[in-house]
Amino acid sequence: MAGFMGRFIKVLLITFPAVMVLNQCTYHNCYRSDCVAAAFTPVLIMSLVVTTVIVLIMQINNR
């Protein structure tokens with residue numbers, strides 16, 4: 001299980017900034033602190049979903 005969580009965190013550290021940038025591009029590249037703070041929770045949820053899908057696909061392919 002430790003391998004799964006380690007992989008999950010590594011993928012999350014990549015997907016979170018990527019999703020944040022893509023999200024902020026839809027709001028005219030607003031990177032002010034209030035814009036980023038407002039986007040944090042939805043971006044985190046989207047990143048967790050994307051990360052879960054990626055890690056599960058990686059687990060299935062390694063079998």
Side-chain angles (χ1 to χ4, degrees):
M1 190 67 176
F4 178 82
M5 287 306 293
R7 184 177 293 163
F8 187 87
I9 292 171
K10 287 178 186 176
V11 174
L12 181 63
L13 289 174
I14 295 170
T15 57
F16 182 78
V19 172
M20 180 64 82
V21 169
L22 290 173
N23 182 64
Q24 294 309 101
C25 284
T26 62
Y27 294 101
H28 305 291
N29 291 321
C30 179
Y31 293 101
R32 294 189 328 250
S33 61
D34 57 330
C35 294
V36 173
F40 187 81
T41 303
V43 167
L44 180 61
I45 293 169
M46 286 186 282
S47 297
L48 288 171
V49 170
V50 170
T51 300
T52 302
V53 170
I54 291 171
V55 171
L56 288 175
I57 290 171
M58 290 169 63
Q59 288 289 110
I60 291 170
N61 284 337
N62 286 337
R63 292 184 181 198

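We number each residue from 1, following the sequence as shown. Below, all heavy atoms of this structure are taken into account, side chains as well, without hydrogens, waters or symmetry copies. The model shown is predicted, which means the values in this text are computed figures rather than measured ones.
Under the 4.5 Å side-chain contact rule for hydrophobic residues, V49 and L56 do not share a cluster. Follow the hydrophobic side-chain contacts under 4.5 Å out from V19 and you reach L44 in the same cluster. Clustering ILVMFWY residues whenever any of their side-chain heavy atoms sit less than 4.5 angstrom apart, transitively, puts M58 in the very cluster that holds V50. One hydrophobic cluster, built from ILVMFWY side chains closer than 4.5 Å, cannot hold both I45 and V43; they sit in different ones. F40 and M46 fall within the same hydrophobic cluster, defined by Ile, Leu, Val, Met, Phe, Trp and Tyr side-chain heavy atoms under 4.5 Å apart, directly or through other members.
Taking all atoms of both residues into account, the shortest heavy-atom contact from L12 to P17 is O-CD, 4.3 Å. Scanning both residues, P42 and A38, for their nearest heavy atoms gives CD-O, 3.8 Å. Scanning both residues, Q24 and V36, for their nearest heavy atoms gives NE2-N, 4.3 Å.
For the atom pair OG of S47 and CD1 of I14, the computed distance is 12.0 Å after rounding to the nearest 0.5 Å.
Applying the side-chain hydrogen bond (donor to acceptor under 3.5 Å, both in side chains) test to pairs two or more places apart or on separate chains, those with a residue in residues 31-45 are R32-D34.
At least one side-chain heavy atom of L48 sits less than 4.5 Å from a side-chain heavy atom of F8. Looking at L22 and T26, their side chains never come closer than 4.5 Å, going by heavy atoms from C-beta outward.
Not counting sequence neighbours, the partners of T51 by the side-chain hydrogen bond (donor to acceptor under 3.5 Å, both in side chains) test are T15.
Of the residues I60, V55, V53, the one that meets the side-chain contact (heavy atoms from CB on, under 4.5 Å) test with I57 is V53.
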